[in-house]
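Numbers for residues simply follow the sequence, beginning at 1. Read the numbers this way: they start at 1 and go in the same order the structure lists the ligands and their atoms.
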Amino acid sequence: MKLNCGKHILDLNRPQVMGILNTTPDSFSDGGSYYADGGLNLDLVLRRAQQIQEEGGTIVDIGGESTRPGAAVVSEQQELDRVVPAVEAISKRFDLVISVDTSTPAVMRESAAAGAGLINDVRALTRAGALQAAAATGLPVCVMHMQGDPGTMQANPEYADVVGEVRAYLDGRLAACEAAGIPREKVVYDPGFGFGKNDEHNLELLRRLPELASPDLPLLVGLSRKSMIGRLLDRSVEERLPGSLALAMLSAQRGAHIIRVHDVAATVDVLKLQQLVDRP
Ligand code: 9MG
């Protein structure tokens with residue numbers, strides 16, 4: 001399977017690693033890492049992009065809004081100011097697919113013009129104008145499942161059948177994309193681990209990940225350093241690398257095509273070994 005991301009074509013016949021770059025002051029793991037003297041520092045942003053590329057990542061996911069519960073609300077202008085200069089600078093210097101983690105139509109449009117190759121929307125293009133903006137860019141889109149909204153989603157998530165409901169939601173978003181002019185071959189599914197799910201829901205989704213896969217629809221998963229690992233293993237954010245690597249490998253074995261991570265080099269190593277064993 002291939003994914004056409006503008007000037008790059010991603011080969012999804014082996015798992016690709018997406019490195020996280022949060023240009024937010026308050027994300028749960030790397031928030032504020034790219035700030036100096038009170039503002040976003042593009043040299044630090046470029047250093048992170050270089051690290052992702054050198055460590056074997058093929059995608060960088062740039063986000064300007066934290067979705068952790070309690071995070072500050074960002075205005076459209078703040079998000080544009082955090083994301084678009086980073087997209088532009090990385091696109092000029094690195095051979096990475098640039099994914100923009102956004103739900104905001106103006107950020108989709110301006111990022112595409114600045115060189116982005118993928119739109120990653122945790123709200124699955126449900127904001128007013130998002131479907132139309134994404135369609136106009138011609139870029140592929142990752143639609144993620146979330147129950148509720150970031151502020152309250154972890155209060156008491158409930159499902160009768162978590163896998164069936166996530167699948168039905170993603171199929172519905174695929175239909176909405178197609179109706180808006182985004183063809184099926186440009187849609188990526190994501191179950192949204194930790195977004196309105198308790199640990200049992202997350203484990204069930206991972207166990208039954210193949211039920212979310214279709215032969216022609218790529219699957220993206222993000223489990224890196226998430227709080228589920230902290231709870232299940234009693235580990236702080238800094239201590240979650242082994243848990244993140246285990247979950248990356250389990251995801252790849254169950255059919256994930258793109259793995260969104262903080263720790264690129266370690267994940268690339270694990271996935272190389274997984275491929276040598278599972279796809280000799
Ligand atoms: C932005 N973001 C945070 N977690 C994520 C996940 O699991 N998937 C996607 N697509 N984006 C995420």
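For Arg123, the salt bridge (charged side-chain N to carboxylate O under 4.0 Å, His left out) partners at least two apart in sequence or on another chain are Glu65. By the salt bridge (charged side-chain N to carboxylate O under 4.0 Å, His left out) test, Arg235 is found to be paired with no residue, residues two or more places apart in sequence or in another chain being considered.
Heavy-atom contacts of Val122 reach the following atoms of ligand 1: 1 (C), 2 (N), 11 (N), 12 (C) (cutoff under 4.0 Å). Near Gly222, the atoms of ligand 1 lying under 4.0 angstrom from a non-hydrogen atom of the residue are 7 (O). Remark: ligand 1 atoms within the under-4.0 Å shell around heavy atoms of Leu220 are 10 (N). With ligand atoms numbered from 1 in the order given, ligand 1 contributes 6 (C), 8 (N), 9 (C) to contacts under 4.0 Å with heavy atoms of Met144.
Residue-to-ligand polar distances place Asp190 within reach of ligand 1: an N/O pair is separated by less than 3.5 Å. The shortest N or O to N or O distance between Asn120 and ligand 1 is below 3.5 Å. Looking at ligand 1, you won't find any N or O of Asp101 less than 3.5 Å from one of its N or O atoms.
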When you look at Glu211 and Arg208, which way does the salt bridge (charged side-chain N to carboxylate O under 4.0 Å, His left out) test go after all the steps?
CA-CA 6 Å; Glu211 291 175 47; Arg208 294 172 54 197; 2.8 Å; yes
Before you tell me yes or no, could you show the steps for Gln77 and Ser75 under side-chain hydrogen bond (donor to acceptor under 3.5 Å, both in side chains), namely the whole-Å CA-CA distance, both residues' side-chain angles and the distance that decides it to 0.1 Å?
CA-CA 5 Å; Gln77 192 57 51; Ser75 70; over 6 Å; no
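Comparing Arg260, Glu65, Arg68 by heavy-atom distance to atom 2 (N) of ligand 1, the nearest is Arg260.
Under a 4.0 Å N-O distance rule, the pair Asp263/Arg225 qualifies as a salt bridge.
Summarising the local packing, CG of Asp234 is surrounded by 12 or fewer heavy atoms from other residues, nucleotides or ligands at distances under 6.0 Å. Other residues, nucleotides and ligands contribute only 12 or fewer heavy atoms inside 6.0 Å of the CZ atom of Arg47.
Here the heavy atom of the protein found nearest to atom 7 (O) of ligand 1 is Lys226 NZ, 2.7 Å.
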